[in-house]
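The structure appears below as structure tokens.
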2 protein chains.
Amino acid sequence: MTLAEENYLKTIFHLERKLKSEVSTNALAERMQTRASSVTDMMQKLADKKMLVYKKYKGVQLTEKGKKAAAYVVRKHRLWEVFLVDKLKFHWDEVHEIAEQMEHIKSVELIKRLDAFLGHPDFDPHGDPIPDKDGNIKKAEKRLLSELIKNQIGICVGVKESSPEYLQYLDKKKIKIGTKINVLGKEFFDGSMMIQVGRDQFFVSKQIAENLYVQTN
Amino acid sequence: MTLAEENYLKTIFHLERKLKSEVSTNALAERMQTRASSVTDMMQKLADKKMLVYKKYKGVQLTEKGKKAAAYVVRKHRLWEVFLVDKLKFHWDEVHEIAEQMEHIKSVELIKRLDAFLGHPDFDPHGDPIPDKDGNIKKAEKRLLSELIKNQIGICVGVKESSPEYLQYLDKKKIKIGTKINVLGKEFFDGSMMIQVGRDQFFVSKQIAENLYVQTN
DNA sequence: ACTAATATTTAGCTTTGCCTAAAATTATAA
DNA sequence: TTATAATTTTAGGCAAAGCTAAATATTAGT
Ligand SMILES: [Mn+2]
Ligand SMILES: [Mn+2]
Ligand SMILES: [Mn+2]
Ligand SMILES: [Mn+2]
């Protein structure tokens, strides 16, 4: 598995779960910041390696083998993110790019020991679940903040979007994983909400609210 | 700096210090397990980048810029080795290959924080000095065990050779960094020695003795 | 000083992963 | 139902980093 192959597999893995269908060449090209023709080349190579099923003009679908390989890349990525935040005290908006490189280090033993060193974490710093060695992902019962109604209380457990900009907004508002959020009111028209975080009360737009995952007791 | 370029620079850096002269194409090819023609190609590229001075048929010499870049790769390598041994509890004979990959992760901030996390170590698990951010290496006063004479006592501070085989031999003999070694006798003819380590007394060949660094009070 | 051996460079090819432009297929819409 | 638009694939190339084989320089031995 080369670095490029691992990056493609991981992206296909994420897109498959999001779209719940085969992944198209263009969707992949956009996500990977590359050209459709480059994607086609790689799809043919990964199909040869039995990592996915490729039907000309019809997109691709990961095989079991491909899914497992992809989940392992995700596992490595998220474990390294935990390391960077928990041990090296990086901020959660700074770790993605570095983990993007570290996920490609080749050593099964390394990941085993890293996992133990970190205390076998189940979630990464953005609240995303860490697949186990066999590629199984346990999905937590979580909902978007935007789904709550007036007077409901949620605990922040993750983010849907994890761009530095969004994460920095959350920081400014003192929202992080574990933070209690009280919905004081909701505007029907635009989906914006009045919420309480600690002692502060403020408005959040729909766009903010539908990118934050919360758990309701 | 690509991965290949970093590996070349690091190897040239090591060879220059060992040979104390320009580094020849063949010397480099042998160390890097590659062909002389591939080395020539890379030397031309690194000369274009002003990392070294290349004179056809005369070998290469790092520029200040090249030396600094190389020392930084060495710094990263050795810091990761400390991480692997101190934090992940790898054995000192298992870390080289992994560090060989980790040294190429690109993030200045990462290395800054790693260094702090490890407590700003001065030496790696093999006793080799870790260059500072500016590429300066402090060299410890250390001698080879083979240089000691009868009744001298040395503390093991590093190894010259760090192959798994050699390191595993030392383990078997309970010699590690910090171990006190007492020279009970030395055979003039073949350079072999009788030494005491803890309660054990045993012979070591010249080959063993001249790959172990010790400090004499 | 010359020839033979050794070291080094050059020329030309290969693979990976990317690109552009052109061709082919599928989707949309009048 | 066709024509146009959008998507996808193919063809042909490029750069990095390696290789083999051939050419060239250097070094060593007589
Ligand atoms: Mn990556
Ligand atoms: Mn994450
Ligand atoms: Mn390396
Ligand atoms: Mn070392």
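Just so you know, these numbers come straight off a predicted model, no measurement behind them. The analysis underlying the following values was restricted to heavy atoms, covering all of them including side chains, and did not include hydrogens, waters or symmetry mates. Residue numbers start from 1 in every chain, and the chains themselves are labelled A, B, ... in the order their sequence lines are given, proteins ahead of strands.
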Decide whether a cation-pi geometry holds between A:Lys87 and A:Phe117; the criteria are a distance under 6.0 Å from NZ or CZ to the six-membered ring centre and an angle within 45° of the ring axis. yes
Given atom [atom1] of [X] and atom [atom2] of [N], what is their separation to the nearest angstrom?
X	N	atom1	atom2	result
A:Lys55	C:dT26	NZ	P	13 Å
A:Leu46	C:dC18	CG	P	11 Å
B:Glu22	D:dT26	CD	P	14 Å
B:Gln44	D:dA16	CD	C1'	14 Å
A:Asn26	C:dA27	CG	P	13 Å
A:Arg35	D:dT7	CZ	C1'	14 Å
A:Met32	C:dC18	CE	P	7 Å

Dot-bracket encoding of pairs in DNA chain C, which uses [ ] for pseudoknotted crossings and | for another strand, Watson-Crick or G-U under 3.5 angstrom: ||||||||||||||||||||||||||||||
Quick one: does A:Arg143's side chain have a donor or acceptor within less than 3.5 Å of a partner on A:Thr216's backbone? no
Quick one: which of [options] gets closest to the side chain of [X]?
X	options	result
A:Met42	C:dC18, C:dT10, D:dA17	C:dC18
B:Tyr57	D:dA11, C:dT9, C:dT26	C:dT9
A:Lys58	D:dT8, C:dT9, C:dA27	C:dA27
B:Tyr54	C:dT9, C:dC18, D:dT10	C:dT9
A:Ser38	D:dT20, C:dC18, D:dG18	C:dC18

Has the side chain of A:Ser37 got a donor or acceptor atom sitting under 3.5 Å from an opposite partner on the base of C:dT20? yes
Using a heavy-atom cut-off of under 4.0 Å over every strand shown, decide if B:Thr40 touches base, sugar-phosphate, or nothing. base
Using a 4.0 Å heavy-atom cut-off across all strands, classify A:Ala4 as base, sugar-phosphate, or nothing. sugar-phosphate
Using heavy atoms to find the nearest nucleotide of DNA chain C for B:Gly59 and A:Asp41 separately, return the residue whose nucleotide is more 5′. B:Gly59
Does A:Lys142, at its NZ atom, have more than 12 non-hydrogen atoms belonging to other residues, nucleotides or ligands within less than 6.0 Å? yes
Should we say atom CD of B:Glu109 is surrounded by more than 12 heavy atoms from elsewhere, each under 6.0 Å from it? yes
Check: B:Asp124/B:His77 side-chain N/O donor and acceptor closer than 3.5 Å: no
List the steps and the verdict of salt bridge (charged side-chain N to carboxylate O under 4.0 Å, His left out) for A:Lys10 and A:Glu103. CA-CA 11 Å; A:Lys10 194 182 55 162; A:Glu103 72 191 0; 3.0 Å; yes
Stepwise salt bridge (charged side-chain N to carboxylate O under 4.0 Å, His left out) check, B:Lys49 with B:Glu5: CA-CA 10 Å; B:Lys49 296 196 176 189; B:Glu5 286 169 355; 2.9 Å; yes
